[in-house]
2 protein chains.
Amino acid sequence: MDIAHQIRDKGLKVTPSRLGVMEVLGQNHQAYAHADLELLFKDMDRVTLYRVLNDFEEAGLVHKIIDMDGVTRFALCKHSCPDTHHADEHVHFSCQACHKMFCLENVSSPVFNIPSGFKAIGQNILVYGFCKTCSAA
Amino acid sequence: MDIAHQIRDKGLKVTPSRLGVMEVLGQNHQAYAHADLELLFKDMDRVTLYRVLNDFEEAGLVHKIIDMDGVTRFALCKHSCPDTHHADEHVHFSCQACHKMFCLENVSSPVFNIPSGFKAIGQNILVYGFCKTCSAA
DNA sequence: AATGCAAACGCAACATTATTGCATTTGCAT
DNA sequence: ATGCAAATGCAATAATGTTGCGTTTGCATT
Ligand SMILES: [Mn+2]
Ligand SMILES: [Mn+2]
Ligand SMILES: [Zn+2]
Ligand SMILES: [Zn+2]
């Protein structure tokens, strides 16, 4: 399925801004910060980029991850999620050298033994260290 | 050991601001946001509060956790850590109702099976849902 | 107890990130 | 081709965090 269809299937209009962002996010399993994308789309208004990313998240096209330094990042949802709840229960890896964040789609989250009384709904797991490229150098 | 000694042992001067913040953080196992503390210490300057928290973190008196919404929170380090590296490898729980964050000191982090090439240094684990009080209601 | 000094503080200014309102433009169904 | 809701650009505003600097204060020393 091509990008335009993915966007339209979520009830969103197909625009150059949205096509561009989707194309970049689809190139790899990385999670991009707003600042990253702003550099790639210099002609796009900052506010438009915020709205594109928010709309994508609400539509379930992307998921949001908060980095250790509080920076919000967005990555493509590889699997098709139901509209009601889209879970991205995989581990994310944050490189301390190149500051890229990777979706480790194959590393799933364990179940934690939470004290009784607490009701767990979901969890965010962030492993940090050095990515393949940076640990080779 | 009383609070004043804990502060002075880290090479920091004992001041009313620092005593106040330490006392609040010591009351429970919760992680407080800057905004929370600002309400509790209305006479304290915002910048001073930022500096108190940063100094405490560098001294190893508190540890920093980023909430799911990107908000920075601080909690007391219960165990005494070495000055060089202070690990807080426990799970944190974020309540979606009251927005409090709790340190689950007894729930330790598992080891993840990261793809080869990636070098893991540490990890942040955040479980979210409803805390004891809120799930009872 | 008085002194001296580095550390801590208060205040103002600035930086970054994100949101909101509104007029204009555009995708797309008709 | 037309009409309209959705999307965009721009300006203003909010929230969060940092930096510089003059003043105050903790505390070691005398
Ligand atoms: Mn992901
Ligand atoms: Mn903690
Ligand atoms: Zn890297
Ligand atoms: Zn709660």
Side-chain angles (χ1 to χ4, degrees), chain A residues 2-24 31-74 83 94 99 101, chain B residues 2-23 31-74 83 99 101:
Chain A
D2 69 343
I3 296 178
H5 277 74
Q6 294 180 47
I7 295 173
R8 205 177 337 247
D9 282 359
K10 295 296 183 178
L12 300 175
K13 290 185 178 175
V14 178
T15 67
S17 312
R18 288 172 172 170
L19 282 172
V21 172
M22 279 294 281
E23 195 188 355
V24 168
Y32 289 84
H34 184 276
D36 300 330
L37 297 167
E38 205 176 328
L39 289 176
L40 292 176
F41 301 101
K42 293 216 180 66
D43 51 337
M44 197 191 305
D45 191 83
R46 280 171 36 81
V47 178
T48 300
L49 183 51
Y50 277 113
R51 291 198 264 232
V52 165
L53 292 170
N54 281 341
D55 293 344
F56 280 180
E57 206 224 346
E58 285 175 10
L61 287 172
V62 305
H63 57 281
K64 189 196 287 188
I65 318 108
I66 308 288
D67 209 338
M68 277 181 308
D69 47 4
V71 175
T72 304
R73 291 179 168 270
F74 295 89
D83 285 343
S94 175
H99 296 102
M101 180 184 283
Chain B
D2 70 344
I3 296 179
H5 277 73
Q6 294 180 47
I7 295 173
R8 199 173 291 118
D9 282 0
K10 296 294 184 178
L12 300 175
K13 290 184 178 175
V14 179
T15 67
S17 312
R18 287 172 173 169
L19 281 172
V21 172
M22 278 295 281
E23 195 188 353
Y32 289 83
H34 183 277
D36 301 330
L37 298 167
E38 205 175 328
L39 288 177
L40 294 176
F41 302 100
K42 293 215 180 65
D43 50 338
M44 197 191 303
D45 191 82
R46 278 169 31 83
V47 178
T48 300
L49 182 53
Y50 277 114
R51 292 198 263 233
V52 165
L53 292 169
N54 281 342
D55 293 345
F56 280 180
E57 207 224 347
E58 286 174 11
L61 286 172
V62 305
H63 57 280
K64 188 194 287 187
I65 317 108
I66 308 287
D67 208 338
M68 277 180 309
D69 48 4
V71 175
T72 303
R73 291 179 168 270
F74 295 89
D83 286 342
H99 296 103
M101 181 184 282

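Chain naming here is simple, since letters A, B, ... match the order of the sequence lines and numbering starts at 1 in each.
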| Has B/Thr72 got a side-chain N or O lying under 4.0 Å from the OP1 or OP2 atom of D/dT16? | no

| said: Within the 4.5 Å heavy-atom criterion, are A/Lys64 and B/Met68 side-chain neighbours or not? | reply: no

| request: Classify the nucleic acid contact of A/Asn54 as base, sugar-phosphate or nothing, counting any heavy atom under 4.0 Å across all strands shown. | output: sugar-phosphate

| message | With a 4.5 Å cut-off on side-chain heavy atoms, are B/His34 and B/Tyr50 touching? | response | yes

| field | Whole-Å gap separating P (D/dG17) and CD (B/Glu57) | value | 13 Å

| Check: A/His5 main-chain N/O paired with A/Asp2 side-chain donor or acceptor under 3.5 Å | yes

| query | To the nearest 10 degrees, how far apart in direction are the end axes of the helix from C/dA1-D/dT30 to C/dT30-D/dA1, each fit to five base pairs? | reply | 30°

| said: With a 3.5 Å distance limit and no angle check, can you tell me whether A/Asp9 reaches the backbone of A/Gln6 through a side-chain donor-acceptor pair? | reply: no

| query | Are A/Phe41 and A/Val24 side-chain neighbours, meaning at least one heavy-atom pair lies under 4.5 Å? | reply | yes

| Going 5' to 3' along DNA chain C, which nucleotides are the first and last within contact of chain A (any atom under 4.0 Å from a heavy atom)? | C/dT17 to C/dC28

| task | Before accepting this row, confirm whether a basic side-chain N of the pair B/Lys10/B/Asp55 lies closer than 4.0 Å to the acidic partner's carboxylate O. | result | no

| note | Nearest-nucleotide check on DNA chain D, B/Arg46 vs B/Arg8; residue mapping nearer the 5' end is B/Arg46

Produce the list of close N/O pairs, under 3.5 Å, pairing protein atoms with atoms of nucleotides 6-8 of chain D; give distances to one decimal.
residue : atom : partner : partner atom : Å
D/dA6   : O4'  : A/Lys13 : NZ           : 3.1
D/dA7   : OP1  : A/Lys13 : N            : 3.4
D/dA7   : OP1  : A/Arg18 : NH1          : 2.7
D/dA7   : OP1  : A/Arg18 : NH2          : 3.0
D/dA7   : O5'  : A/Arg18 : NH2          : 3.2
D/dT8   : OP1  : A/Thr15 : OG1          : 2.8
D/dT8   : OP1  : A/Ser17 : OG           : 3.3

| request: Can you tell me the distance, in whole Å, between the OH atom of B/Tyr50 and the P atom of D/dT19? | output: 13 Å

| request: Mind checking B/Val71 for me? I need base, sugar-phosphate or nothing, with any heavy atom below 4.0 Å counting as a touch. | output: nothing

| said: Contact between A/Phe74 and A/Thr72 at the side-chain level, heavy atoms closer than 4.5 Å - yes or no? | reply: yes

| message | Is there a side-chain contact between A/Val21 and A/Leu40 in this structure, where contact means two heavy atoms from C-beta onward sitting under 4.5 Å apart? | response | no

| Side-chain donor/acceptor of A/Arg73 to backbone N/O of A/Ala31, under 3.5 Å | yes

| request: Determine yes or no for a side-chain-to-main-chain donor-acceptor pair under 3.5 angstrom, with A/Arg18 supplying the side chain and A/Lys13 the backbone. | output: yes

| message | Do B/Asp69 and A/Ile66 have side chains that approach each other closer than 4.5 Å (heavy atoms only, starting at C-beta)? | response | no

